Amino acid sequence: MFWTNRKNPEKLLGQYLDPSKNWTVEDDKALREWSQSSDEARNTYDKRVIAHRLMLGLSEDAPSRVERDRMMKISIERSMGQETKAVSWFRIEALIPAGVAALALILVLPGVFQDDSATDMAPIAPGVGGYTSPGDSPVEYLGTRGAEVEDMKAAIGISGVSTRDISQEYEVLHQSAFLDDRMRFSYRCENPELGRLFLFGVQKDELIWYFPLPGAGEKESIEINCNAAGGRVQLDGDTQLNKRHQSGEVTVYGIFSKESITVEEMERALDGAPPSISRLRERLPLGDNEVIHEVRVKIAEGAKGSETDARP
Amino acid sequence: MEAVYREYEPLVRIIVSRGFSGFRGFRSPADQDDMMQTVFMSAFEESTRLAYDGISSYTSFLRGIAHNKIRQKLSKDARFNRTDGAPVPTDRMAENFEEVLLENEAKATIAQFRAGIQGEPDKSILQGYFVDSVAEETLAETLGITRYKVRKCIASLHRRMEKYLREHHVLDQ
């Protein structure tokens, strides 16, 4: 049975989930080691954290803030700890004779072992696919387009479009979009039930409609084509940034729904407070399978082109 | 590092919980959480940071590290190397139908805790602090109470959660 086959309470787990308790690298190491030690320990861990998450209204796979903060703190501290491992005095002392001997060799035998080729160092060859991770086999390099997340069932993608080179798209999630350029939207969706997309942005508390665009007479979510192949589909109509945006961060929300959402419904949902995924879920009639995807894009000042655009 | 972690934590969480290619994601939160830390610790190592060129997409770079670490775990851990035809641990299927029903029933009971938190500031703090990661100062300001009161409320909510779990036999009495 799911909850009742537990034998002993694990104090560490209680401490881990208690926001008022301190949590150290040693605690975390002990917890992780224990949770990976046996099926029983893993089950105990799972039941406890799943219960914690469900009580907060989260899904089983979504850790709470307490868990996330703990994991972040420990990941950073442990990786920093690996960098700053203290070298013991014994080791330093042991290196002194070796250093002295090496220095003596250099002084006594100048030029004897000189090898011209030693100064001509070849660059380290990159790993297959682009990157290697230390101690690992070459890791694969998967290109991304805009902000689409390959693992989500439905996701929006955003790319910048240079107005200087009209067809030149560029990535905007890890660098800035430019104010005098255009923003291009796309989506990827694998669930055929999700046939509607509502796309809007928020910048400095200002609402920016994209799709639908009320100024163009559009009043509800646009129709999209979701299928199991989940290929990228570009939306028809770029947005010229310098008309409604300003430099700074814009948060874009893409809401994939089964039924259409009207502009009025969205205005009501956004009334009174800045939007968030939880707030939108609370205020819109969305089911569990319907997806809200949030993407943040930085916009920088820039004067590249002067293309006019179909969408203001 | 904190900013990088916060930015990319959702991406890595999706990879470890939903998988990629033929891998369907770790079923167990213990495995998911362990892998989250493994991936970020590897990403934050000095040599890994130096290996990133700063020009290409960091998402792809991090995704590569995550895929690699997961593959290493899958190949090392005997639990994931079943050759007898039995379901591998990544299968999101419970052992039998009766167990599924009991699990769902228990989960529904546990999830009712949230519905029982109605008064303020408890309700806002449960959502704001535990779910949305709102800072204590911001919560105090928004709710018009002191930060001390916010902390007291957080501690009280945690105690109520523990009590609820004990009452429903998830925790020992």
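Letters A, B, ... mirror the listed sequences (proteins, then strands); counts begin at 1. On a predicted model such as this, the values are computed, not experimentally measured, just so you know.
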Item to check | B:Ser133 versus A:Arg68, side-chain donor and acceptor atoms under 3.5 Å | outcome: yes
Next on the checklist: So if I apply the ring-ring contact (aromatic ring centres under 6.0 Å, His included) rule between B:Tyr8 and each of B:Phe44, B:Tyr58, B:Phe40, which one comes out positive?
Outcome noted: B:Tyr58
Next on the checklist: Surrounding CD of B:Glu141 (heavy atoms of other residues, nucleotides or ligands, distance under 6.0 Å), is the total greater than 12?
Outcome noted: no
Checklist entry - With chain B, which of A:Gly57, A:Ser276, A:Pro63 has the greatest number of heavy-atom pairs at distances under 4.5 Å? => result A:Pro63
Item to check | Residue pair B:Asp31 / A:Gln36, side-chain donor-acceptor N/O under 3.5 Å | outcome: yes
Item to check | Within 6.0 Å of CD in A:Glu33, more than 12 heavy atoms from elsewhere | outcome: no
Checklist entry - B:Tyr129 versus chain A, heavy atoms under 4.5 Å apart: side chain, backbone, both or neither? => result both
Item to check | Proximity breakdown for A:Leu56 and chain B, heavy-atom pairs closer than 4.5 Å | outcome: both
Checklist entry - Which residue out of B:His158, B:Arg114, B:Glu9, B:Arg6 racks up the most heavy-atom pairs below 4.5 Å with chain A? => result B:His158
Item to check | Segment of A:Arg296 engaging chain B (4.5 angstrom heavy-atom cut-off) | outcome: neither
Next on the checklist: Please classify the contact between B:Gln127 and chain A as side chain, backbone, both or neither, with a heavy-atom cut-off of under 4.5 Å.
Outcome noted: side chain
Checklist entry - Which heavy atom of A:Ser64 sits nearest a heavy atom of A:His52, and at what distance? => result OG-NE2, 2.8 Å
Next on the checklist: Using heavy-atom distances under 4.5 Å, tell me whether B:Phe130 contacts chain A through its side chain, its backbone, both, or neither.
Outcome noted: both
Checklist entry - Top residue by heavy-atom pair count (under 4.5 Å) with chain A, among B:Val134, B:Leu126, B:Ile154? => result B:Val134
Checklist entry - Is there a donor-acceptor contact under 3.5 Å linking the side chains of A:Ser20 and A:Asp18? => result yes
Item to check | Between A:Leu31, A:Asp28, A:Asp69, the one whose heavy-atom pairs under 4.5 Å with chain B are most numerous | outcome: A:Asp28
